[in-house]
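Small disclaimer: the values here were computed from a predicted structure and weren't measured. Sequential numbering from 1 along the given sequence is applied to the chain's residues.
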Amino acid sequence: MSYLLAKDTVNGAEGTIVITVDGKNYEVACMKNIKTTASIQSQDMRVIGTRKIQAKPNGAKLTGSGNIYYGSNIFTDMVLEYINTGKMTQFDIQITNSDPTVSVGEQAMAYYGCTLTGDIPISILDDQEAMLNYDFNFSYTDVARLQAFRDPERLGN
């Protein structure tokens, strides 16, 4: 049986995050992490003649979360615009995994129609923290894979 070699596991710190707001690209170098998910929604289906409950997919909820070091204005500006004008800024995110040491290459994913959700701090002071950071959440309306990983050049046996 073949298996993945450790040398082809992708380093989570190798990559880039680019946020596009109103046509301007910002490479966000102050994020600790970011993760997007597609939560498949389903509905239970029961039929006479069986005790089995089947699930029928009926949608996907598209969300993301991350953690960013405090000191970037990008999300604060969006929140303040919403508070002051009622307009919630939409943005796009491109996440690229690019570990140069792996044979699987790079993956680039684009998330469109992103909107902040949940709590975004406006100010933070904390005498217990040497490096301030905060969690953020967002939803998105569309996703595209711009570049896919390749199969590993070699597997173990």
Going by atom types alone, do Thr115 and Ser139 pair a side-chain donor with an acceptor below 3.5 Å?
-> no
Does Leu5 sit in a hydrophobic cluster with other residues, and if so which ones, taking ILVMFWY side chains as linked at heavy-atom separations under 4.5 Å, directly or through other members?
-> Tyr3
So if you build clusters from Ile, Leu, Val, Met, Phe, Trp, Tyr with side-chain heavy-atom gaps below 4.5 Å, do Val79 and Ile74 land together?
-> yes
State, yes or no, whether a side-chain contact exists between Phe75 and Leu116 at a heavy-atom distance under 4.5 Å.
-> yes
Donor-acceptor side-chain pairing of Thr20 and Asn25 below 3.5 angstrom = yes
What residue pairs, at least two apart or across chains, pass ring-ring contact (aromatic ring centres under 6.0 Å, His included) with a residue in residues 107-130?
-> Tyr111-Tyr140
List, by chain and then residue number, the residues other than Met1 in its hydrophobic cluster (Ile/Leu/Val/Met/Phe/Trp/Tyr, side-chain heavy atoms under 4.5 Å); write none if there are no others.
-> none
Looking at Ser72 and Ile68, what are the two nearest heavy atoms and their distance?
-> CB-CD1, 4.1 Å
Any chance you could measure Leu80, atom CG, to Thr85, atom OG1, to the nearest 0.5 Å?
-> 10.0 Å
Between atom CG of Leu4 and atom CZ of Arg154, what is the distance when rounded to the nearest 0.5 Å?
-> 12.0 Å
Once you round to the nearest 0.5 Å, how far does CD1 of Ile19 lie from OH of Tyr26?
-> 10.0 Å
For the atom pair CD (Gln43) and CD (Gln54), what is the distance rounded to the nearest 0.5 Å?
-> 12.5 Å
Extract all donor-acceptor atom pairs below 3.5 Å that involve side chains of residues 120-136 and protein atoms in other chains or at least two apart in sequence.
residue: Asp126; atom: OD1; partner: Gln128; partner atom: N; Å: 2.8
residue: Asn133; atom: OD1; partner: Asn67; partner atom: ND2; Å: 3.0
residue: Asn133; atom: ND2; partner: Met131; partner atom: O; Å: 3.2
residue: Asp135; atom: OD1; partner: Asn67; partner atom: ND2; Å: 2.8

Of the non-hydrogen atoms in Gly113 and Asp92, which two are nearest, and what is the gap between them?
-> N-OD1, 3.1 Å
Could you pull out all residues at least two apart from Glu14 that satisfy salt bridge (charged side-chain N to carboxylate O under 4.0 Å, His left out)?
-> none
For atom CG of Asn84, decide whether the heavy atoms of other residues, nucleotides or ligands shown that lie under 6.0 angstrom number more than 12.
-> yes
Are Met78 and Val18 connected in the hydrophobic side-chain network, where two residues link if heavy atoms are under 4.5 Å apart?
-> no
Across all chains, not counting sequence neighbours, the side chain to side chain contact (heavy atoms under 4.5 Å, CB included) partners of Thr16 are Glu27, Thr96
How does the hydrophobic cluster around Phe149 look, that is, which other residues are in it when side-chain heavy atoms under 4.5 Å mark a link?
-> Val10, Val102, Val104
Mind checking the CG-OG spacing from Asn33 to Ser65? Nearest 0.5 Å is all I need.
-> 7.0 Å
Out of curiosity, does Tyr69 fall in the hydrophobic cluster containing Val28 (side-chain heavy atoms, cut-off under 4.5 Å, transitive links)?
-> no
Members besides Tyr82 in its Ile/Leu/Val/Met/Phe/Trp/Tyr cluster (side-chain heavy atoms under 4.5 Å) = Met88
Considering only heavy atoms from C-beta outward, does the side chain of Ile95 approach that of Thr36 to under 4.5 Å?
-> yes
State which residues pass salt bridge (charged side-chain N to carboxylate O under 4.0 Å, His left out) with Lys87; sequence neighbours excluded, sorted by chain then number.
-> Glu81
Mind jotting down which residue pairs meet the salt bridge (Lys or Arg N to Asp or Glu O under 4.0 Å) criterion with at least one end in residues 39-52? Sequence neighbours excluded, please.
-> none
Who pairs with Arg145 by side chain to side chain contact (heavy atoms under 4.5 Å, CB included), at least two apart in sequence or on another chain?
-> Gln107, Met109, Ala148
What distance do Lys56 atom NZ and Gln41 atom CD have between them, rounded to the nearest 0.5 Å?
-> 15.0 Å
Glu153 meets the side chain to side chain contact (heavy atoms under 4.5 Å, CB included) criterion, sequence neighbours left out, with Ser103
Could you tell me whether the side chain of Asp99 and the main chain of Asn11 form a donor-acceptor pair under 3.5 Å?
-> yes
